[in-house]
Amino acid sequence: MRPFHYAQPDSTAEALAAIGAGSAAADETRLPAPPQYLAGGTNLLDLMKIGVAQPPALVDLARLRREHGAIAADGNALKLGALARMAEAAEHPAVLRDYPVIAQSLRLAASQQLRNMATLGGNVLQRTRCSYFRDPSWSACNKRQPGSGCAAIKGVHRRLAVLGVSDHCIAHFPGDFAIALAALGATVELLAPGGERRSLDFEALHRLPGDTPDVETVLRPGELITGFTVPAGPWTRRSLYLKIRDRESYDFALASAAVALQIEGGVVRQARIGLGGLVAKPWRSHVAEAVLAGRPLDRATAEAAAEAAFVGAVTHRETEFKPELGRRTLVRALLEAARMEV
Ligand code: SF4
């Protein structure tokens with residue numbers, strides 16, 4: 001691991017000042033990487049050890065948990081502090097009762113040890129597991145080294161994406177919790193070094209790879225994720241997260257579906273659908289939701305929604321099985337959610 005500057009501020013104001021100062025120092029020394037926030041560290045420290053991430057400075061947010069680590073719910077929304085641990089959210093009574101899709105996505109994401117350490121804000125910013133991205137000995141990776149090519153397209157790519165990919169990158173977003181947030185129409189709260197606050201649709205936080213796969217989010221320099229707001233609705237209790245993986249014991253998804261349904265009189269009034277495992281970014285399928293609205297949820301309807309969800313999927317040699325796996329995952333999730341007793 002390369003040497004780096006380290007700061008552990010006591011407040012948000014100090015953290016924002018430290019990241020701002022770090023950015024200035026990086027500019028002066030012409031360092032290629034900007035300073036970064038350190039939350040749970042379960043992804044960033046990993047990437048630093050293998051030489052993929054080389055931030056010149058880290059601003060540790062550990063002492064800011066009192067400001068940004070709360071979880072609260074009322075009749076309007078669920079508020080999740082960005083520095084809440086995954087385990088805290090997964091085990092919170094209101095989340096378990098009213099937002100089961102969130103609790104399940106967190107529980108299925110990682111081992112208890114990792115859930116005890118990793119934060120919600122860090123979790124949504126985790127990087128792809130593409131092998132070529134994670135191994136700097138490979139020179140061709142547009143995400144790690146812009147303009148260098150993509151070794152995965154003609155190489156090993158079974159775990160990578162089929163929705164949202166480009167000719168420049170077919171990497172997958174590996175997270176689970178973010179898929180539930182996208183499905184439920186959450187917003188993400190942001191705070192800039194100058195003190196400006198803004199709120200974004202969570203769906204808009206991550207970018208598609210296009211021809212700049214190295215730019216993964218719309219975050220501005222030094223901007224801090226402070227929390228997430230999940231709107232309450234009559235669909236959140238009838239919700240679940242289904243994750244399909246090679247092994248049942250903590251693995252990244254090959255395909256996943258986050259679904260939430262409002263069903264009245266045997267008819268779907270509203271549906272919320274997120275897809276994971278085979279997507280370039282956290283994915284909400286509005287087209288699949290539209291197929292379900294106003295119809296009884298039987299196998300034929302679920303299959304029609306799944307068909308719509310994968311229109312436009314782009315496969316490569318090792319990912320030809322994925323659209324069908326994704327469709328079956330979504331059908332199963334929808335039918336299981338329809339059977340839930342709420
Ligand atoms: Fe890099 Fe993306 Fe290609 Fe993987 S798929 S090698 S992350 S450019």
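For ligands, and for the atoms within them, numbers begin at 1 and follow the listed sequence. Just so we're clear, the structure is a prediction, and the values are computed from it rather than from any experiment.
Close contacts of ligand 1 with His168, meaning ligand atoms under 4.0 Å from a residue heavy atom, involve 8 (S). Counting the atoms of ligand 1 from 1 in the order shown, those under 4.0 Å from a heavy atom of Ile170 are 5 (S). Each of the atoms 7 (S) of ligand 1 lies under 4.0 Å from some heavy atom of Phe133. Residue Asn142 has at least one heavy-atom neighbour below 4.0 Å for each of these atoms of ligand 1: 1 (Fe), 8 (S).
Using modelled atom types, one side-chain atom of Lys243 and one backbone atom of Leu108 make a donor-acceptor pair closer than 3.5 Å. Remark: side-chain polar atoms of Arg238 are paired, donor with acceptor, to backbone N or O of Ala338 under 3.5 angstrom.
Within a 6.0 Å sphere centred on NE2 of His316, other residues, nucleotides and ligands contribute more than 12 heavy atoms. Other residues, nucleotides and ligands contribute more than 12 heavy atoms inside 6.0 Å of the CZ atom of Arg63.
Not one N, O or S atom of Cys150 sits under 2.8 Å from atom 2 (Fe) of ligand 1. The nearest N, O or S atom of Cys130 is closer to atom 4 (Fe) of ligand 1 than 2.8 Å.
For atom 6 (S) of ligand 1, the nearest non-hydrogen atom of the protein is Tyr132 CB, 3.5 Å. Among all protein heavy atoms, the one lying closest to atom 2 (Fe) of ligand 1 is Cys169 SG, 2.4 Å. Counting only heavy atoms of the protein, atom 1 (Fe) of ligand 1 lies nearest to Cys141 SG, 2.3 Å.
With 3.5 Å as the limit, one finds a donor-acceptor pair spanning the side chains of Ser256 and Tyr241.
Assignment of Arg144 to the shell around ligand 1 is not supported, since no heavy atom sits closer than 4.0 Å.
Two residues are said to be in side-chain contact when any heavy atoms from C-beta on lie closer than 4.5 Å; His286 and Glu203 meet this criterion.
Between Glu196 and Arg220 there is no salt bridge, since none of the side-chain N atoms of the basic residue sits less than 4.0 Å from a carboxylate O of the acidic one.
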